Amino acid sequence: MATTPAVSGRELTDPPSDGISNIRFSNHSDHLLVSSWDKTVRLYDASANVLRGEFLHGGPVLDCCFHDDSSGFSASSDNTVRRLVFATGKEDILGKHDAPVRCVEYSYAAGQLITGSWDKTLKCWDPRGASGQERTLVGTYPQPERVYSLSLVGHRLVVATAGRHVNVYDLRNMSLPEQRRESSLKYQTRCVRSYPNGTGYALSSVEGRVAMEFFDLSEASQAKKYAFKCHRKSEAGRDIVYPVNAMAFHPIYGTFATGGCDGFVNVWDGNNKKRLYQYSKYPTSIAALSFSRDGRLLAVASSYTFEEGPKPQEQDAIYVRSVNEIEVKPKPKAFPNPTA
């Protein structure tokens with residue numbers, strides 16, 4: 001049974017009818033883009049709780065991102081990369097991969113779209129080109145394994161693949177990765193998200209852990225990296241461990257939320273290595289998270305991720321909650337009183 005709206009946030013009407021693969025707030029408004037296994041990408045006005053439009057694809061949609069406030073891009077299991085214009089209902093196929101497209105990111109700095117696929121490649125596209133793959137494809141870049149997650153801040157792109165590989169690129173020179181790394185976590189990567197200040201990235205795994213990493217290879221910077229356990233519980237003296245499916249950084253404070261298959265969303269202060277807040281449990285697994293551009297809202301996709309096989313009557317829902325400062329703002333360190 002769903003928790004009360006006051007606890008979970010406001011539930012959006014007209015949710016997808018199957019698993020939710022990603023949710024993303026616009027950089028310009030409270031518009032929210034949602035991709036789903038029901039083969040749709042939907043655009044919501046999250047503040048007004050209105051579905052503004054949807055596009056149907058040839059297969060489950062595994063990721064989506066905005067281009068501008070009323071258009072976006074999708075990554076589909078039918079191997080296609082599409083541009084979707086909600087204002088006109090028009091769509092273009094920018095091109096294709098040789099296997100399902102898992103991730104999509106748009107770089108405002110480079111004016112390019114980056115896609116990652118289970119065909120073990122990254123592709124960069126210029127969406128300003130005429131429709132047709134040969135005119136929009138900028139380059140194809142082989143990866144060591146299937147691409148699972150991408151994150152982008154400025155010109156720096158982080159690519160997490162199967163086999164625990166992590167490649168770091170500068171979009172201005174994609175010929176070779178700037179850095180080739182291995183995840184410091186022992187188990188499969190679920191999600192990678194770059195720090196908003198561009199100094200590193202957080203990486204989560206299926207085994208209830210998050211690693212905090214830094215790009216600077218100096219000894220001093222690398223000494224700051226660490227990993228921590230989360231989304232676990234003890235039951236009858238046994239540790240039950242849940243995958244950490246989703247992460248999202250707060251745009252103002254640089255703190256971040258994690259969502260797990262335990263149905264919980266936690267907020268962390270990475271600099272001070274502290275948990276700031278835990279929201280009340282959601283009805284099922286947390287599949288995706290997104291903060292609005294000003295950090296006032298947090299969208300939560302509560303959507304079963306099939307970690308325990310098929311289950312009857314698991315509801316897929318998107319909750320939009322107002323964020324209080326106390327939940328996301330780092331707490332100042334207490335200094336000892338010199339007169340004490």
Side-chain angles (χ1 to χ4, degrees), residues 2-3 7-12 15-16 19-25 32-37 46 62-64 102-103 148-151 160 185 187-196 201-212 227-233 240-251 253-270 274-292 295 297-308 311 314-324 327-328:
T3 46
V7 174
S8 302
R10 187 177 55 186
E11 189 172 343
L12 291 185
I20 297 161
S21 55
N22 206 6
I23 55 178
R24 302 230 201 184
F25 270 112
L32 187 73
L33 205 58
V34 177
S35 54
S36 169
W37 284 77
L62 304 183
D63 199 6
C64 60
R102 177 64 187 86
C103 312
Y148 281 169
S149 189
L150 296 178
S151 190
L185 305 180
Y187 294 90
Q188 179 185 307
T189 302
R190 264 290 155 95
C191 182
V192 66
R193 290 291 176 263
S194 301
Y195 305 158
Y201 59 90
L203 183 138
S204 73
S205 81
V206 296
E207 191 251 345
R209 284 179 203 259
V210 171
M212 307 299 288
F228 63 95
K229 296 176 184 178
C230 51
H231 299 281
R232 293 159 177 250
K233 71 177 178 184
I240 300 173
V241 179
Y242 296 92
V244 184
N245 296 323
M247 296 187 290
F249 277 88
H250 192 274
Y253 295 121
T255 51
F256 64 101
T258 58
C261 286
D262 55 355
F264 282 106
V265 176
N266 295 317
V267 182
W268 309 88
D269 177 352
K274 281 183 179 169
R275 186 170 76 180
L276 294 174
Y277 206 81
Q278 182 177 69
Y279 294 111
S280 296
K281 190 175 181 180
Y282 282 86
T284 186
S285 310
I286 306 303
L289 296 167
S290 183
F291 281 106
S292 60
L297 301 174
L298 173 63
V300 179
S302 171
S303 181
Y304 180 53
T305 51
F306 285 81
E307 64 276 3
E308 294 172 2
K311 281 186 179 180
E314 286 287 357
Q315 296 300 309
D316 302 293
I318 301 156
Y319 298 91
V320 177
R321 60 182 314 134
S322 295
V323 175
N324 294 321
E327 300 162 0
V328 293

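Starting from 1, each residue takes its place in the sequence as its number. Small disclaimer: the values here were computed from a predicted structure and weren't measured.
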Does the side chain of L203 come within less than 4.5 Å of C191's, by heavy atoms? no
Sequence neighbours excluded, the answer for side-chain hydrogen bond (donor to acceptor under 3.5 Å, both in side chains) partners of Q188 is none
Quick one: closest heavy-atom pair of I20 and A287, and the distance? O-CB, 3.4 Å
Kindly write out the residues that satisfy side-chain hydrogen bond (donor to acceptor under 3.5 Å, both in side chains) with S292, not counting sequence neighbours, or none if the list is empty. D294
Are the aromatic ring centres of Y319 and Y282 under 6.0 angstrom apart? yes
For A317 and E11, the nearest pair of non-hydrogen atoms, with its separation, is CB-OE2, 3.5 Å
R275 meets the salt bridge (charged side-chain N to carboxylate O under 4.0 Å, His left out) criterion, sequence neighbours left out, with none
Considering the options P243, S205, S149, which one meets the side chain to side chain contact (heavy atoms under 4.5 Å, CB included) requirement together with R190? P243
Please give me the minimum heavy-atom distance between A288 and N22, naming the atom from each residue. CB-OD1, 3.6 Å
Verify side chain to side chain contact (heavy atoms under 4.5 Å, CB included) between V300 and I318, making sure each step is shown before the conclusion. CA-CA 6 Å; V300 179; I318 301 156; over 6 Å; no
Sequence-distant partners of E207, salt bridge (charged side-chain N to carboxylate O under 4.0 Å, His left out), two or more places apart: R209, R232
Counting C-beta onward and ignoring hydrogens, is there a side-chain heavy-atom pair between L289 and I23 closer than 4.5 Å? no
Can you sort out the partners of K233 under salt bridge (charged side-chain N to carboxylate O under 4.0 Å, His left out), two or more places apart, ordered by chain and number? E235
So which atom in A257 and which in V265 form the shortest heavy-atom distance, rounded to 0.1 Å? CB-CG1, 4.2 Å
Working to the nearest 0.5 angstrom, can you tell me the gap between L298 CG and R321 CZ? 7.0 Å
Sorted by chain and residue number, the ring pair (Phe, Tyr, Trp, His ring centres under 6.0 Å) partners of Y187 (sequence neighbours excluded) come out as none
List the residues meeting ring pair (Phe, Tyr, Trp, His ring centres under 6.0 Å) with F25, not counting sequence neighbours, and say none if there are none. none
Side-chain contact test, heavy atoms from C-beta onward, threshold under 4.5 Å: evaluate it for H231 versus T258 and give yes or no. yes
Roughly how far, to the nearest 0.5 Å, is the CH2 atom of W37 from the CG atom of D316? 12.0 Å
Could you check whether any side-chain N or O of S285 sits under 3.5 Å from a backbone N or O of G263, counting only pairs where one atom can act as donor and the other as acceptor? no
For R24, check side-chain hydrogen bond (donor to acceptor under 3.5 Å, both in side chains) against everything at least two apart and list the hits. D63, E105
Partners of S151 by side-chain hydrogen bond (donor to acceptor under 3.5 Å, both in side chains), sequence neighbours excluded? S194
What are the two closest heavy atoms between N245 and C261, and how far apart are they? ND2-SG, 3.2 Å
Separation of Q315 CD from Y304 OH (nearest 0.5 Å): 14.0 Å
Can you tell me how far apart CG (L12) and CG (L32) are? Round to the nearest 0.5 Å. 6.5 Å
Inter-residue atom distance S290.OG - L297.CG, 0.5 Å rounding: 10.0 Å
Donor-acceptor under 3.5 Å (Y148 side chain, A160 main chain): no
Using ring pair (Phe, Tyr, Trp, His ring centres under 6.0 Å) as the criterion, list what pairs up with F264, not counting sequence neighbours. none
Please tell me whether F249 and F291 form a close aromatic pair, meaning their ring centres lie under 6.0 Å apart. no
Residue list, ring pair (Phe, Tyr, Trp, His ring centres under 6.0 Å) with Y253, at least two apart or on another chain: H250
Applying side chain to side chain contact (heavy atoms under 4.5 Å, CB included) to F228 and not counting sequence neighbours gives V210, M212, Y226, C230, F256, W268
Check step by step if side chain to side chain donor-acceptor pair (under 3.5 Å) holds for S21 and S35. CA-CA 6 Å; S21 55; S35 54; 2.7 Å; yes
Where T255 and V328 come nearest, the two heavy atoms and their spacing: OG1-O, 2.6 Å
